[in-house]
There are 2 protein chains.
Amino acid sequence: MKADIPHPPDPQESLGVLLGLVRSELVRAMEAELASKGLDLRFTQFLILKRLGMLGPMTASELARAVELDGGAMTRQLDHLEGKGYLRRCPHAQDRRALRIELTAAGEALWRELTGCNERVLAAAQRSLGETERRRLHDYLERVLHALRDKH
Amino acid sequence: MKADIPHPPDPQESLGVLLGLVRSELVRAMEAELASKGLDLRFTQFLILKRLGMLGPMTASELARAVELDGGAMTRQLDHLEGKGYLRRCPHAQDRRALRIELTAAGEALWRELTGCNERVLAAAQRSLGETERRRLHDYLERVLHALRDKH
DNA sequence: GAAGAATATTTGTCAAGTCAAATATATTCT
DNA sequence: AGAATATATTTGACTTGACAAATATTCTTC
């Protein structure tokens, strides 16, 4: 993510920089939380397992779109996670091009652990925001996202 | 950033994912804006030039901290930008270890162009937010950032 | 003022992501 | 049906950033 350096002052950062800072701190915090539980998982891998845990088996491309990851990168992450025994590539019943990615028992168990980590980190991150403020933050971010996607 | 794929539905994304999505769209939008002006600059390079333009000459490490970039990565970005003639590495008057990075005339000119791009993209991104909401968004993000940094 | 600790820069190595090409299969159109 | 087009997955080449080691210089402390 970045080198471990003292925090710079941040007097009125632009939105782009600020978003980057918040995200990288969040990723760092999440990876630290995972490491403290003895889990060797990167943030991307956590996201993949989370998706599968929450939404059930799906195609590799669906997964890739869901976590905003390139198809090639997804293939390699699946190799990795399959190698660790957390998921399985099964043939897809309707589409012989596609794969059905599903969690193994170990993957399900891991996912249950991950849920806790995730909640703790998010709670810590938002601890200075009230309920209304959290909803607003979410709302604003979604509106910015839509504004960027639906150009003009 | 990511492959060019149709936008997935995003029903109640978690904060981590949402931040990533917004940031990557913003970066993509900014790079597209730069490209449309015929400029071949990545987002990181834009950030570096912006810092130098706004704050004046500074050390390579100050610059690295300011844009949250690793020192090694900064060296290579400086190589690149110096090669393109946008900046110069000068000896530092007080500290012989350090460099004084300053924009060339071409760099200054480029910076003036960049300012416009930056403002257009940020305005587009926030166009659905009112003045109060923009301030709130900024405020919330900074509070989240501080919460993550000052653990407990 | 000299030893030790800290900082600035550069370089090598590695991990992860993007892009483009290759292959296999589905879908659409005529 | 057959052709053209689109999608799913994999792989290789390339880029970028993180981390660690090396070197030069400055700061601290005894």
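Chain letters run A, B, ... following the sequence lines, proteins first and then strands; every chain starts at 1. In what follows, every heavy atom counts, from backbone to side chain, and hydrogens, waters and symmetry copies are set aside.
As judged by a 4.0 angstrom heavy-atom cut-off over every strand, A:A73 is placed among the base-contacting residues.
Taking atom NE2 of residue B:H92 and atom P of nucleotide C:dT7, one finds them 16 Å apart after rounding to whole Å. Straight-line distance from the CE atom of B:M58 to the P atom of C:dT9: 12 Å, rounded to whole Å. Atom CE in A:M74 sits roughly 11 Å away from atom P in D:dT10 (whole-Å rounding). A straight line from CZ of A:R42 to P of C:dC14 spans 16 Å, rounded to a whole angstrom. Spacing between atom CG of A:D70 and atom P of C:dC19 amounts to 7 Å, rounded to whole angstrom units. Atom CZ of B:R65 and atom C1' of C:dT7 are 9 Å apart (whole Å). Distance A:F43 CZ to D:dG17 C1': 17 Å, rounded to the nearest Å. For the pair B:L99 CG and D:dT25 P, the computed distance is 12 Å after rounding to whole Å.
In this structure, D:dA22 forms a base pair with C:dT9, meeting either the Watson-Crick or the G-U wobble geometry with both donor-acceptor distances under 3.5 Å.
When each of B:Q77 and B:R96 is assigned the nucleotide of DNA chain D bearing its nearest heavy atom, the one mapping closer to the 5' terminus is B:Q77. Where A:Q45 and A:D95 each meet DNA chain C at their nearest nucleotide, the meeting point lying more 5' is that of A:Q45.
Between the side chain of B:R97 and the base of C:dT9, no donor-acceptor pair of N or O atoms lies under 3.5 Å. For A:R76 and D:dG12, a side-chain-to-base donor-acceptor distance below 3.5 Å is present, hydrogens and geometry of angles not being considered.
No side-chain donor-acceptor contact under 3.5 Å links A:R88 to the backbone of A:E102. Between the side chain of A:T104 and the backbone N or O of A:Y86, at least one donor-acceptor pair lies under 3.5 Å. Judged purely by atom type and a 3.5 angstrom limit, B:R143 has no side-chain atom pairing as donor or acceptor with the backbone of B:Y140.
OP1 or OP2 of D:dT9 has not a single side-chain nitrogen or oxygen of A:R100 nearer than 4.0 Å. For the OP1/OP2 pair of C:dT10 and a distance below 4.0 Å, the side-chain nitrogens and oxygens of B:R89 include at least one atom meeting the criterion. Contact check, A:T44 against C:dA16: no side-chain N or O comes under 4.0 Å of OP1 or OP2. OP1 or OP2 of C:dT11 has not a single side-chain nitrogen or oxygen of B:T75 nearer than 4.0 Å.
Between the CG atom in A:L87 and the CD atom in A:E108 there is a gap of 11.0 Å [rounded to 0.5 Å]. Between atom CG of residue A:L15 and atom CG of residue B:N118 there is a gap of 10.0 Å, rounded to the nearest 0.5 Å.
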